[in-house]
Amino acid sequence: MSIGAHLVELRKRLMIAAAALVVGMIVAFVITDPVIDWITGPIRDITEKRGDDFAALNFTNVTSAFDLRMRIAFSIGIFVSAPIWLWQIWAFVMPGLTRKEIRYTVGFIATAVPLFFLGCWVGTLVVPHVIELMWGFTPDGAVNFYNASEYYDFVFKLMIVIGVAFVLPVFLVALNVAGVMSGKAILKGWRVAILVASVFAALATPAADVVSMLMLAGILIVLFFAAAGVSMLFDRRKARRNATAGLPGSTA
């Protein structure tokens, strides 16, 4: 294809992706009330525990409530329309890839996307405990008036961070496939991985809920060792191919 044809194809893919996002936002806008009710749940719990108007969601200007609903609709719309815009990206890039690259890309996407959504779901369980932990640092005599926009940013970003944390093992495997790190090099970092997973789980779950902490830390540790194991299998396959071709093994 010529450059002009590529640009026409890109415009077509972008228009389809944008249309899917708009439809997703319209659908998501309808369900913003349950979402707002969910994200403000920790605030209501805090108020009930204190027995007074200790915490509240604060809208600082006339359009704040509408802006919050639009941001929620945009975020949910991205997730709802993800199958369509991901396919548009894939359909545009795929013709330029080799069969091997297509195989690896499909494998990474098929693994990373479910792990990311699993991490976001875990984030929905973790967020209330983090908010409860943070309000515990409020000094006596003070109150918490959470700015609606900043409060939503905190909740949304925390969920994204946990989702990305679940995808990190996939990136480790990608680095191995690219020849940047060997499986043994990844496995050597198991002590650091266990420490980071334990600290993260301890901060993300309530102090009294040891079971939740162990479950979250266990999931992250299992994902790390799974990435190391898959990388070591790839290293063995590379070594066998190199031996068959008479080439030295990988020393990455």
Stepwise side chain to side chain contact (heavy atoms under 4.5 Å, CB included) test for F166 and I219
CA-CA 9 Å; F166 273 62; I219 292 174; 3.4 Å; yes
I want to check something: taking the side chain as every heavy atom from C-beta on, are [X] and [Y] in contact at a cut-off of under 4.5 Å?
X: W38; Y: T124; result: yes
X: D235; Y: K184; result: no
X: I160; Y: F116; result: yes
X: R236; Y: M232; result: no
X: V173; Y: F234; result: yes
X: L68; Y: F59; result: yes
X: I72; Y: F29; result: no
X: L21; Y: W85; result: no

[X] and [Y]: which non-hydrogen atoms are nearest, and at how many Å?
X: S198; Y: A217; result: CA-CB, 4.3 Å
X: S81; Y: G77; result: OG-O, 2.7 Å
X: A73; Y: A28; result: O-CB, 3.6 Å
X: A197; Y: L220; result: CB-CB, 3.9 Å
X: I162; Y: G119; result: CG2-O, 3.3 Å
X: T40; Y: Y151; result: CA-OH, 4.2 Å

Mind checking whether [X] and [Y] sit in one hydrophobic cluster, side chains of I, L, V, M, F, W, Y counted as touching below 4.5 Å?
X: V167; Y: V222; result: no
X: V23; Y: M15; result: no
X: V230; Y: F171; result: yes
X: I78; Y: I16; result: no
X: I84; Y: V27; result: no

[atom1] of [X] to [atom2] of [Y]: how many Å apart, nearest 0.5 Å?
X: I43; Y: N58; atom1: CD1; atom2: CG; result: 10.0 Å
X: L7; Y: K12; atom1: CG; atom2: NZ; result: 15.0 Å
X: L168; Y: L115; atom1: CG; atom2: CG; result: 10.5 Å

What verdict does the side chain to side chain contact (heavy atoms under 4.5 Å, CB included) test give for M25 and M70, after you've listed the backbone C-alpha separation in whole Å, the side-chain angles of each residue and the deciding distance to 0.1 Å?
CA-CA 8 Å; M25 288 182 61; M70 287 299 296; 4.0 Å; yes
N147-S149 side chain donor-acceptor pair, cut-off 3.5 Å:
no
F224 vs I194, test: side chain to side chain contact (heavy atoms under 4.5 Å, CB included). Steps then yes/no.
CA-CA 9 Å; F224 170 80; I194 292 177; over 6 Å; no
Please test I36 against Y152 for side chain to side chain contact (heavy atoms under 4.5 Å, CB included), starting from the C-alpha separation and ending with a verdict.
CA-CA 9 Å; I36 294 175; Y152 171 72; over 6 Å; no
Sorted by first residue and then second, give each salt bridge (Lys or Arg N to Asp or Glu O under 4.0 Å) pair with at least one member in residues 63-81; sequence neighbours left out.
D33-R69, R71-D153
So F79 and F117, would you call those rings parallel, tilted or perpendicular, with 30° and 60° as cut-offs?
perpendicular
Is D37 paired with R44 through a side-chain N to carboxylate O contact shorter than 4.0 Å?
yes
Just by distance, do the side chain of T63 and the backbone of F66 share a donor-acceptor pair under 3.5 Å?
no
Between W190 and I221, is there a donor-acceptor pair closer than 3.5 Å when you use the side chain of the first and the backbone of the second?
no
